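We name chains A, B, ... by the order of the sequence lines, and we start the count at 1 in each one. The figures that follow rest on heavy atoms only: side chains count, while hydrogens, waters and symmetry mates do not. Quick caveat, the model's predicted, so the values are computed rather than measured.
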There are 2 protein chains.
Amino acid sequence: MQELIKVSKALSDETRLRILNILLERECCVCEVMQALEISQSRASRNLGILEDAGFLTARREGTWMLYSLSESSENRIATALTPLLKEYFSNNEILAHDRERLRHSVRVGPGCGEE
Amino acid sequence: MQELIKVSKALSDETRLRILNILLERECCVCEVMQALEISQSRASRNLGILEDAGFLTARREGTWMLYSLSESSENRIATALTPLLKEYFSNNEILAHDRERLRHSVRVGPGCGEE
DNA sequence: TTAATATATGCGCATATCCACATATATTTT
DNA sequence: AAAATATATGTGGATATGCGCATATATTAA
């Protein structure tokens with residue numbers, strides 16, 4: 001029961017739903033989440049952590065970046081059962097469409113990206 | 001998005017999951033919920049109200065009783081999509097099984113029930 | 001090693017949540 | 001109308017949550 005409560009709490013927040021929405025598009029680093037949602041770094045990081053802890057996300061490191069993506073189906077049965085529902089629910093929302101739009105224009109800066 | 005947040009918050013609490021669990025068995029009045037879960041009257045009433053507001057429950061009056069039951073599928077798409085998941089999730093839990101057991105022994109008292 | 005960049009986290013504050021207690025409301029019975 | 005019963009709700013207190021700010025940590029580049 002505690003797992004279900006954790007999953008539900010993870011979905012009980014607008015910031016986290018917005019994060020799931022853009023991660024349905026593609027894997028993102030923290031700074032891309034910040035840019036797409038126009039939120040602070042600590043806010044992005046903390047909410048990504050909550051979604052990861054609830055089983056929605058998987059993190060991997062690539063250089064200085066932490067890349068977050070939706071978990072595989074095997075990781076968390078509840079979370080992945082909900083994902084199709086979420087995707088459908090996210091399709092007709094102004095804010096979420098706006099976030100996805102900004103994601104397309106977001107830049108991943110850092111050592112790995114030499115400036116030209 | 002706010003509707004999804006409301007539904008998620010409704011599921012983010014152990015008391016409310018326990019209420020959904022016994023209502024999967026059958027329609028209940030507030031005093032039966034109190035007895036099955038061994039909680040106070042105000043706690044039962046308030047949490048039933050939260051589940052109703054989120055679209056999970058429907059209430060009808062019968063004399064002095066308020067009878068709560070799971071909503072029909074048409075009422076709330078999100079809530080009803082989750083119900084089968086919940087049902088499966090509730091099956092192997094000690095607390096929830098105990099609640100269902102107490103529900104079987106609960107008594108609906110009141111003016112309608114003449115003592116013999 | 002030092003500097004630079006990306007991310008995580010300690011902390012304090014504002015707000016939300018949950019509960020028990022007391023009380024208000026609604027319905028039925030007398 | 002008054003009493004009895006079931007339920008809803010106002011209130012205050014304890015705890016949880018979400019955030020910004022500052023700082024710590026991790027990795028890479030020089």
Side-chain angles (χ1 to χ4, degrees), chain A residues 1-2 5-20 23 27-54 57-69 106-115, chain B residues 1-2 5-20 23 27-54 57-69 106-115:
Chain A
M1 189 152 43
Q2 298 315 309
I5 292 174
K6 188 184 281 187
V7 168
S8 301
K9 285 189 177 178
L11 295 179
S12 302
D13 180 84
E14 179 166 323
T15 302
R16 291 193 286 274
L17 292 179
R18 292 173 66 196
I19 290 176
L20 288 176
L23 290 180
E27 186 183 54
C28 292
C29 67
V30 179
C31 60
E32 287 173 316
V33 173
M34 295 173 57
Q35 292 176 62
L37 274 59
E38 296 182 319
I39 59 177
S40 72
Q41 184 268 322
S42 66
R43 186 170 165 187
S45 175
R46 252 185 246 276
N47 283 297
L48 283 163
I50 291 170
L51 286 169
E52 183 187 13
D53 185 52
L57 308 185
T58 306
R60 69 184 179 92
R61 180 174 282 282
E62 186 176 305
T64 58
W65 296 315
M66 288 298 297
L67 298 176
Y68 288 90
S69 56
S106 73
V107 198
R108 188 182 299 178
V109 289
C113 309
E115 63 285 347
Chain B
M1 188 154 41
Q2 299 315 309
I5 292 175
K6 187 184 283 187
V7 168
S8 301
K9 284 189 179 178
L11 296 179
S12 302
D13 180 84
E14 180 166 320
T15 301
R16 291 192 288 274
L17 292 180
R18 291 172 67 196
I19 289 176
L20 287 177
L23 289 180
E27 185 183 53
C28 292
C29 67
V30 179
C31 62
E32 287 172 317
V33 173
M34 294 173 58
Q35 292 176 63
L37 274 59
E38 296 182 321
I39 59 177
S40 73
Q41 184 269 321
S42 64
R43 185 170 166 186
S45 175
R46 253 184 245 277
N47 283 296
L48 283 163
I50 290 171
L51 286 169
E52 183 187 13
D53 184 52
L57 307 185
T58 305
R60 69 184 180 93
R61 180 174 282 282
E62 186 176 307
T64 58
W65 297 315
M66 287 298 297
L67 298 176
Y68 289 89
S69 56
S106 72
V107 198
R108 188 183 299 179
V109 288
C113 308
E115 62 284 349

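- Residue A:S40 has a polar side-chain atom (N or O) positioned under 4.0 Å from OP1 or OP2 of D:dG20.
- Between A:L11 atom CG and D:dT17 atom C1' there is a gap of 16 Å when expressed in whole angstrom units.
- Checking the phosphate oxygens (OP1, OP2) of D:dA6, no side-chain nitrogen or oxygen of B:Y68 falls inside 4.0 Å.
- Residue side chain A:Q41 reaches the base of C:dA8 through a donor-acceptor N/O pair under 3.5 Å, judged by distance alone.
- Residue-level contact check: A:S42 touches the bases, meaning some heavy atom is under 4.0 Å from a base atom.
- Checked against side chain to side chain contact (heavy atoms under 4.5 Å, CB included), B:E38 has the following partners two or more places apart in sequence or in another chain: B:R102.
- At least one side-chain heavy atom of A:R60 sits under 4.5 Å from a side-chain heavy atom of A:E62.
- Taking the nucleotide of DNA chain C with the nearest heavy atom to each of A:M66 and A:R46, the more 5' of the two is matched to A:M66.
- To the nearest angstrom, P of D:dT15 lies 15 Å from NZ of A:K9.
- We find the CD-CD1 distance between A:E52 and A:I19 to be 12.0 Å, quoted to the nearest 0.5 Å.
- A residue-by-residue look at A:T15 and A:G63 shows that A:T15 has its nearest nucleotide of DNA chain D further toward the 5' end.
- Closest to the side chain of B:C29, out of C:dT28, C:dT7, D:dT7, is D:dT7.
- An OP1 or OP2 oxygen of C:dA8 is reached within less than 4.0 angstrom by a side-chain nitrogen or oxygen of A:S45.
- A:E62 places its CD atom 19 Å from the P atom of C:dT5, with the value rounded to the nearest Å.
- In this structure, B:E52 and A:N47 both approach DNA chain D, and ranking their closest nucleotides by distance from the 5' end singles out B:E52.
- Between the P atom of C:dC18 and the CD1 atom of A:I5 lies a distance of 10 Å, rounded to the nearest Å.
- Here C:dA20 presents its C1' atom at 17 Å from CD of B:E38, a figure rounded to the nearest Å.
- Spacing between atom CG of B:D53 and atom C1' of C:dC18 amounts to 16 Å, rounded to whole angstrom units.
- If you take CZ of B:R43 and C1' of D:dA6, they are 19 Å apart, rounded to a whole angstrom.
- Of the candidate nucleotides D:dT7, D:dT5, D:dG18, D:dG18 has the atom lying nearest to any side-chain atom of A:D13.
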Let's go through A:L20 and A:L57 carefully: what are the C-alpha distance in whole Å and the side-chain angles of both, what is the deciding distance for side-chain contact (heavy atoms from CB on, under 4.5 Å) to 0.1 Å, and is it a yes or a no? CA-CA 9 Å; A:L20 288 176; A:L57 308 185; 4.0 Å; yes
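- Partner of B:T15 under the side-chain contact (heavy atoms from CB on, under 4.5 Å) criterion, out of B:L48, B:N47, B:I50: B:N47 alone.
- Atom CZ in A:R60 sits roughly 15 Å away from atom C1' in C:dA6 (whole-Å rounding).
- Note on A:R61: every side-chain N or O is 4.0 Å or more away from OP1 and OP2 of C:dT7.
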